[in-house]
Amino acid sequence: QVQLVESGGGLVQAGGSLRLSCAASGRPFSSYAMGWFRQAPGKEREFVAAISWSGADTNYVDSVKGRFTISRDSAKNTVYLQMNSLKPEDTAVYLCAARETSASRWYGSRRYDYNYWGQGTQVTVSS
């Protein structure tokens, strides 16, 4: 199994930036595809971004393209989500997810693609 711990959330004004981190432990991180999801109160959990375990492939929901960047540092067993030009509608709990895979270029874009989840970190963007 792998354990995931998110950090880096907080309160920021619209137009500001935050960098979320997700630290993984328990299994070799390099064989895990990673994803970020978010969930606002009363809404479904929404895909935000994903990255393959090779780091060569990434995917984003349309609403964050050009503003958010997902990356990973296998030496630190950490995946990041750099969020720029934040908007009030980005307010949510952001959750990190992982799935072990032998496919170096695979990533998932659905919550059902992942079997390990962190507890989440709150991001609040004020207008």
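In this text the structure is predicted, and so the values were computed from the model without any measurement. Sequence positions, counted from 1, serve as the residue numbers for this chain.
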Trainee: State plainly whether one hydrophobic cluster holds both Trp53 and Trp117, where clusters connect Ile, Leu, Val, Met, Phe, Trp and Tyr through side-chain heavy atoms under 4.5 angstrom apart.
Mentor: no

Trainee: Assess the residue pair Leu4 and Met34 against the criterion (side chain to side chain contact (heavy atoms under 4.5 Å, CB included)); give the C-alpha distance rounded to whole Å, side-chain angles, the decisive distance to 0.1 Å, and a yes or no.
Mentor: CA-CA 10 Å; Leu4 305 173; Met34 304 295 293; 4.0 Å; yes

Trainee: What's the shortest heavy-atom distance between Val79 and Cys96, and which atoms?
Mentor: CG1-SG, 3.9 Å

Trainee: Does the distance from a Lys or Arg side-chain N to an Asp or Glu carboxylate O, for Asp62 and Lys65, drop under 4.0 Å?
Mentor: yes

Trainee: With distance as the sole test, does Gln119 use its side chain to make a donor-acceptor pair with the main-chain N or O of Val5 at under 3.5 Å?
Mentor: no

Trainee: Measuring from atom CZ of Arg38 to atom CG of Asp90, what distance do you get when rounded to the nearest 0.5 angstrom?
Mentor: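 The CZ atom of Arg38 sits 5.0 Å away from the CG atom of Asp90.
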
Trainee: Just grab all the side-chain hydrogen bond (donor to acceptor under 3.5 Å, both in side chains) pairs involving residues 8-20, residues at least two apart or on different chains.
Mentor: Ser17-Asn84

Trainee: Restricting to side-chain contact (heavy atoms from CB on, under 4.5 Å), what partner residues turn up for Ser31, sequence neighbours left out?
Mentor: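 Per chain and number, Ser31 pairs via side-chain contact (heavy atoms from CB on, under 4.5 Å) with Glu100.
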
Trainee: Indicate the atoms forming the closest heavy-atom contact of Arg105 with Asp57, along with that distance.
Mentor: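 The pair with the smallest heavy-atom distance is NE-OD1, 2.7 Å.
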
Trainee: Which residue pairs pass the ring pair (Phe, Tyr, Trp, His ring centres under 6.0 Å) test with at least one member in residues 68-116, sequence neighbours excluded?
Mentor: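 For residues 68-116: Phe37-Tyr114.
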
Trainee: Counting only N and O atoms by type, is there a donor-acceptor contact under 3.5 Å from the side chain of Ser104 to the main-chain atoms of Ser54?
Mentor: no

Trainee: Kindly give the heavy-atom pair with the smallest separation between Ser21 and Thr78, and that separation in Å.
Mentor: CB-CG2, 4.1 Å

Trainee: Ignoring hydrogens and geometry, is there a side-chain-to-backbone donor-acceptor pair from Glu6 to Thr121 under 3.5 Å?
Mentor: no

Trainee: Any link between Leu20 and Tyr32 through a network of hydrophobic side chains (Ile, Leu, Val, Met, Phe, Trp, Tyr) touching at under 4.5 Å?
Mentor: yes

Trainee: Provide the closest heavy-atom pair for Arg99 versus Asn115 in the form atom of the first, atom of the second, distance.
Mentor: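 It is CA-OD1, 3.6 Å.
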
Trainee: Looking only at non-hydrogen atoms, find the nearest pair between Ala14 and Ser127 and report the distance.
Mentor: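 Minimum heavy-atom separation between Ala14 and Ser127: CB-CA, 4.4 Å.
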
Trainee: Enter the distance from Leu11:CG to Gln122:CD here, rounded to the nearest 0.5 Å.
Mentor: 9.5 Å

Trainee: Let me confirm one number: the OG-NZ distance from Ser63 to Lys87, rounded to the nearest 0.5 Å.
Mentor: 8.0 Å

Trainee: To the nearest 0.5 Å, how far apart are OG1 in Thr69 and CE in Met83?
Mentor: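 Here the rounded value is 11.0 Å.
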
Trainee: Mind listing the closest non-hydrogen atom pair of Asn59 and Ser109 along with its distance?
Mentor: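 Of all heavy-atom pairs spanning Asn59 and Ser109, the closest is ND2-OG, 2.9 Å.
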
Trainee: For the pair Arg72 (side chain) and Ala33 (backbone), establish whether a donor and an acceptor sit closer than 3.5 Å, ignoring hydrogens and angles.
Mentor: no

Trainee: Starting from Val48, can I reach Leu86 by hopping between I/L/V/M/F/W/Y residues whose side chains sit under 4.5 Å apart?
Mentor: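 In one cluster: yes.
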
